[in-house]
Amino acid sequence: MTTRSARPHPLLRRVATIGTGLVAVALTGAVAAVGLPDDFGTVPGAAPDVEQIEASTPERTLVCPAPVRLADSAQVGDAQFGAAPVETATVLRAGVVGGGSTTGAPGETPVTLTGLEALDAAPLEPDDAGATVVSLADVAEGQALRVGAGMPVDTRVAAAVASTTTAGDLRGLAAASCATPGIDHWLVGGSTEVGSSAQLVLQNPGRTPATVRIEVWGPGGPVVLSGGGQYLVPPGEEVVTLVEAAAPEQRRLTVRVESTGGTVAAYLQHSTLAGLVPLGVDYVVPGAAPSLSTAVGFTSSGEAVDDVLAPQVRLLAPGAEAGTATLTVYGADGRVRVRGGEQVELSPGAVTDQSLGGLPAGSYTVVVDATVPVVAGASEARAGDAVEDSPSGAAPVDRAWIASVPVAAAGTGDETPAGTRGTHDRGTVTLVPGTSSLVRVGAVSRERSEDSDPAGAFRGTLRAYGPDGALLGQKDLDVPAGSTATFDAAVLGAGTEPAVLTLDAGEDGTGPEPVWSVLVTVGAPLAGAPEGAPGTLVSVLLPVPPAESQGSVDVRATRTAGLPD
C-alpha cells in the first residue's frame, strides 16, 4: 500500500461560477461526437440522434469527485458563526484486480495508471492471486484515473473517494466510486430550497471541447434555466456552479447533463442547513437512464412513515405521459409491504418523493416498475447527538444519496443487464480508508407478480482484498430471489479491513440479478446505541461495472468537426 499527500493536480483545473446560471465543462473520451442536432435533448430514454457502436477503446478512464467544499459563504451558510471550523479530510483509494486469462499470462501486459500523483512511478501489474492497491491521503482536487492500452479484458479497475467533515456547515461523509465519463447523465437527488446548496460539478479529463446542455426538473415540472442551459466549454477543466442560481426554490431536484464533442463526468454536491444546524452533505452521482424498471438498495433504522429521517425514493417520469410506478421492497426475509406507498402516481415532468418509512430496521432493495420510462434514486439519513452549546439544541443529520441501477422489466425474458452479458463480473467496489462498510446484496428476479413469490436465488462469490493486495477471503452467496442480504465487510476480511470487494455471478450466469452497494459510515454511533452500531456519518458506494460494459458506446450525430489534439 502506498499512502502520500497529493498536491493539486493540473489535470483537472477548477473553474467556479457563482450566481450566473449553469455552466458546463468540456471533456473528451474514447468517442468524440460533436455539434448540436436540432432535436438535442429529447427525453424518453435513448434520443433518436444517439446510436450505439462497438468500440475497442485504447484507454479506460475513471473520474473521481473532488473534495467537498463550501459554496459562496455570502449565499449559503453563515460565515459569522464559522461555516468551516474544521478541515475536511479527503482520501482516495484505487485498486486493480488481475485477470490476465484473456490476453496472456498475468503480468505479461502491465496495467499503467496515470493522472494520480502517487501512481506515476511505475506500472501496476495485477495477477490472478491478488490485487494492486494504492491509497492517497489529503486529496485536494478531482482526479482522473487512466488505464492504458493492452489491459487484459478481464482485469478489474475501480477507485473511490471520501470526504469527511466532523463539524460545521459541511458536517458529514460524502463518498462515491469514481465513474466512467459519458454523454448522458441523470442526477436524481438534492434540492435548492432555502438552506440547501446543489453544486453541479462537471469534469473534463479530455483534450477537446464539448457542448453541454443541462436540463432541470422540480416538483412543478421542467425548470426554465437562465441562459438556456447550453454552453461550450474548454477541455481539461473542472467547472463548478450553483444550481440554485438558475433553478432556485426547488425542494426536489433531478438534473440531466448531455454533451456533444466528448464525454463528461458529472455529479452534484448537495448540502443542507436548518439555520445553523447541518443536515448532511453527499455526492449525487449518475444513475440509470429512463426505463420501465430500475432498482436501488437502502438501509432503514426503523423510522416511522412520517419521520423526516425515513428513507425516501425519488421518481421522475421525464416524458410527456403520466403513469404509475409500482414499488416492490425486498428485505432479509422476502417482500415487505410499504404502507400506502406501493403505488405512486407519476405526473409528467414532476419530481416525486415517496417515503419508505415504517419498515423494521435493516437493509432493503426497492424495485420500481413503471408504466412509462422513469428515473429513480433514494436517500437515507442518520441523526447525530444534539450539540449541547447549539443555540437550538437540535441534532445534526447526515444524508446519503443513492443512485439507481437498471434491472430487467417484469415479465421479460432477459434478466441480465446489457453491461454484464458474457461475463460473471458484477462489479468492483474500492473501500476508502477510515470507514466501516456494510455490504448489501439484493436478488432481483424478473418475476415480480403479486400472486406468486419469485423463484430461484442469486448465487455468486464475494471476494475481499486487503490494502496490500492480498486475497483476504471469499464468501459464497446464496441470496433467495426477492430478498436482500447484508454482510459486514470487516468479517469478510477475517480481521483485516478490506480495501477492494469484487462480486462474481455463478458459473451458469442465470437466475436473479444482484443489486448491490456498500453503506459506509464514519464516527461514533449515536449515544445509547448498541455496541457495533454504525457511525452517524453515512454515504453509499456503488460498484464500478466491468470493462466489457464499455465495449459498446453511445455516439451522437454531428455537424461540427472536433478540435485536434
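Just so you know, these numbers come straight off a predicted model, no measurement behind them. What you see below is based on every heavy atom in this structure, not just the backbone, and it leaves out hydrogens, waters and symmetry mates.
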Q: Does Val515 reach the side chain of Val296, with side-chain heavy atoms less than 4.5 Å apart?
A: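 They are not in contact (no side-chain heavy atoms under 4.5 Å apart), so the answer is no.
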
Q: Check whether any side-chain heavy atom of Val374 sits under 4.5 Å from a side-chain heavy atom of Leu316, and report yes or no.
A: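 Not in contact.
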
Q: Classify the side-chain pair Thr88/Thr165 by whether it contains a donor and acceptor separated by less than 3.5 Å.
A: yes

Q: I need the minimum non-hydrogen distance between Leu541 and Ser177, along with the two atoms involved.
A: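 Leu541 and Ser177 have their closest heavy atoms at CD2-N, 3.7 Å.
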
Q: May I have the step-by-step check of side chain to side chain contact (heavy atoms under 4.5 Å, CB included) for Val344 and Leu327, ending in yes or no?
A: CA-CA 8 Å; Val344 181; Leu327 306 184; 4.0 Å; yes

Q: Run the side-chain hydrogen bond (donor to acceptor under 3.5 Å, both in side chains) check on Thr484 and Thr365 step by step: do they pass?
A: CA-CA 6 Å; Thr484 301; Thr365 302; 2.9 Å; yes

Q: Looking only at atom types and distance, does a side-chain atom of Tyr465 sit under 3.5 Å from a main-chain N or O of Val96, one as donor and one as acceptor?
A: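 Such a contact is absent between Tyr465 side chain and Val96 backbone.
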
Q: I need the minimum non-hydrogen distance between Ala289 and Val375, along with the two atoms involved.
A: C-CG1, 3.9 Å

Q: So do Tyr283 and Ser163 actually touch side chain to side chain, heavy atoms under 4.5 Å?
A: yes

Q: Mind checking whether Trp217 and Trp186 have parallel, tilted or perpendicular rings, split at 30° and 60°?
A: parallel

Q: With side-chain hydrogen bond (donor to acceptor under 3.5 Å, both in side chains) as the criterion, how do Glu345 and Thr324 come out once you've worked through the C-alpha distance, each side chain's angles and the decisive distance to 0.1 Å?
A: CA-CA 5 Å; Glu345 297 301 320; Thr324 302; 3.3 Å; yes

Q: Quick one: do Asp369 and Leu292 satisfy side chain to side chain contact (heavy atoms under 4.5 Å, CB included)? Show the steps, please.
A: CA-CA 6 Å; Asp369 291 306; Leu292 297 179; over 6 Å; no

Q: With the threshold set at 4.0 Å, does a side-chain nitrogen-carboxylate oxygen contact exist between Arg459 and Asp478?
A: yes

Q: State whether the side chain of Thr192 and the backbone N or O of Gln250 hold a donor-acceptor pair below 3.5 Å, judged by distance alone.
A: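 Yes; judged by distance alone, with no hydrogens or angles, the pair exists.
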
Q: To the closest 0.5 Å, what do you measure between NE2 (His270) and OG (Ser191)?
A: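 Nearest 0.5 Å value for the NE2-OG distance: 3.5 Å.
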
Q: Within the side chain of Ser197, is there an N or O that forms a donor-acceptor pair under 3.5 Å with the backbone of Ser271?
A: no

Q: Is there a side-chain contact between Pro514 and Leu503, using heavy atoms and a 4.5 Å cut-off?
A: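 They are in contact (side-chain heavy atoms under 4.5 Å apart), so the answer is yes.
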
Q: Salt-bridged, Asp398 to Arg171, with N to O below 4.0 Å?
A: no

Q: Between Arg314 and Thr254 (side chain of the first, backbone of the second, donor and acceptor by atom type, cut-off under 3.5 Å), is there such a pair?
A: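 No.
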
Q: Hey, is the main chain of Gln269 close enough, under 3.5 Å, to the side chain of Trp401 for a donor-acceptor pair?
A: no

Q: Does Arg256 form a side chain to side chain contact (heavy atoms under 4.5 Å, CB included) with Asp184? I'd like the steps, not just the answer.
A: CA-CA 7 Å; Arg256 185 185 189 185; Asp184 196 1; 2.8 Å; yes

Q: Quiz question: by atom type and distance under 3.5 Å, do the side chains of Gln343 and Thr326 form a donor-acceptor pair?
A: yes

Q: Between Pro543 and Thr428, is any pair of side-chain heavy atoms under 4.5 Å apart?
A: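 Result no, sub-4.5 Å side-chain heavy-atom pair not found.
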
Q: How long is the gap from CG on Leu492 to CZ on Phe487, to the nearest 0.5 Å?
A: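 Rounded to the nearest 0.5 Å, the CG-CZ separation comes out at 7.5 Å.
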
Q: Any side-chain heavy atom of Val432 sitting closer than 4.5 Å to one from Leu92?
A: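 No, side chains not in contact.
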
Q: To the nearest 0.5 Å, what is the distance between OG on Ser517 and CD1 on Ile402?
A: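 Those atoms lie 6.5 Å apart.
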
Q: Is the closest basic N to carboxylate O distance between Asp504 and Arg156 below 4.0 Å?
A: yes

Q: Quickly, which of Thr430, Leu431, Val133 forms a side chain to side chain contact (heavy atoms under 4.5 Å, CB included) with Pro498? Name it, please.
A: Leu431

Q: Which heavy atom of Trp516 sits nearest a heavy atom of Leu542, and at what distance?
A: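 So the minimum-distance heavy-atom pair works out to O-CD2, 4.5 Å.
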
Q: Output the distance between atom CZ (Arg382) and atom CG (Leu309), rounded to the nearest 0.5 Å.
A: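 Atom-to-atom, Arg382:CZ and Leu309:CG are 9.0 Å apart.
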
Q: Cut-off 3.5 Å, side chains only: do Arg440 and Thr299 have a donor facing an acceptor?
A: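 Side chains of Arg440 and Thr299: pair found under 3.5 Å.
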
Q: Examine distances only and state if a side-chain atom of Arg252 and a backbone atom of Val351 form a donor-acceptor pair shorter than 3.5 Å.
A: yes

Q: Any idea which heavy atoms bring Leu537 and Gly172 closest together, and the distance?
A: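 Scanning both residues completely, I find the closest heavy atoms to be CD2-CA, 3.8 Å.
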
Q: Measure from the side-chain N and O atoms of Ser404 to the backbone N and O of Ala376, and report whether any donor-acceptor pair falls under 3.5 Å.
A: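 Here the side-chain-to-backbone pair exists.
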
Q: Taking the side chain as every heavy atom from C-beta outward, state whether Val367 and Tyr330 have any atom pair closer than 4.5 Å.
A: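 They are in side-chain contact.
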
Q: Does the Ser539 side chain pair with the main chain of Ala175, one donor and one acceptor, at a distance under 3.5 Å?
A: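 Yes, because the side chain of Ser539 sits within donor-acceptor range (under 3.5 Å) of the backbone of Ala175.
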
Q: Do you know the tightest heavy-atom contact between Ser293 and Ala408?
A: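 Heavy atoms only, the tightest pair is CB-O, 3.8 Å.
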
Q: Please check: side-chain N/O of Ser355 versus main-chain N/O of Gly357, any donor-acceptor pairing under 3.5 Å?
A: yes

Q: Ignoring hydrogens, what is the shortest heavy-atom contact between Gly319 and Pro348? Give both atom names and the distance.
A: O-CB, 3.4 Å

Q: Please say which of Leu273, Thr272, Val308 ends up in a side chain to side chain contact (heavy atoms under 4.5 Å, CB included) with Leu279.
A: Thr272

Q: Hey, what do you get for OG (Ser436) to CD (Glu497), rounding to the nearest 0.5 Å?
A: 6.0 Å

Q: Is the number of heavy atoms from other residues, nucleotides or ligands within 6.0 Å of CD (Gln474) greater than 12?
A: yes

Q: Do NZ/NE/NH1/NH2 and the carboxylate oxygens of Arg446 and Glu513 come within less than 4.0 Å?
A: no

Q: Charged N to carboxylate O under 4.0 angstrom, Glu342 versus Arg337?
A: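 Between Arg337 and Glu342 there is a salt bridge, with a charged N closer than 4.0 Å to a carboxylate O.
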
Q: Assess whether atom CG of Asp333 is packed by more than 12 heavy atoms of other residues, nucleotides or ligands within 6.0 Å.
A: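 At most 12 heavy atoms, drawn from other residues, nucleotides or ligands, come within 6.0 Å of this atom.
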
Q: Would you say the side chain of Val97 lies within less than 4.5 Å of the side chain of Val500, judging by non-hydrogen atoms?
A: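 They are in side-chain contact.
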
Q: How long is the straight-line distance from CG of Leu187 back to CG of Leu268, given to the nearest 0.5 Å?
A: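 Rounded to the nearest 0.5 Å, the CG-CG separation comes to 4.5 Å.
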
Q: Is there a side chain to side chain contact (heavy atoms under 4.5 Å, CB included) between Val284 and Tyr267? Walk through the geometry before answering.
A: CA-CA 6 Å; Val284 180; Tyr267 66 92; over 6 Å; no

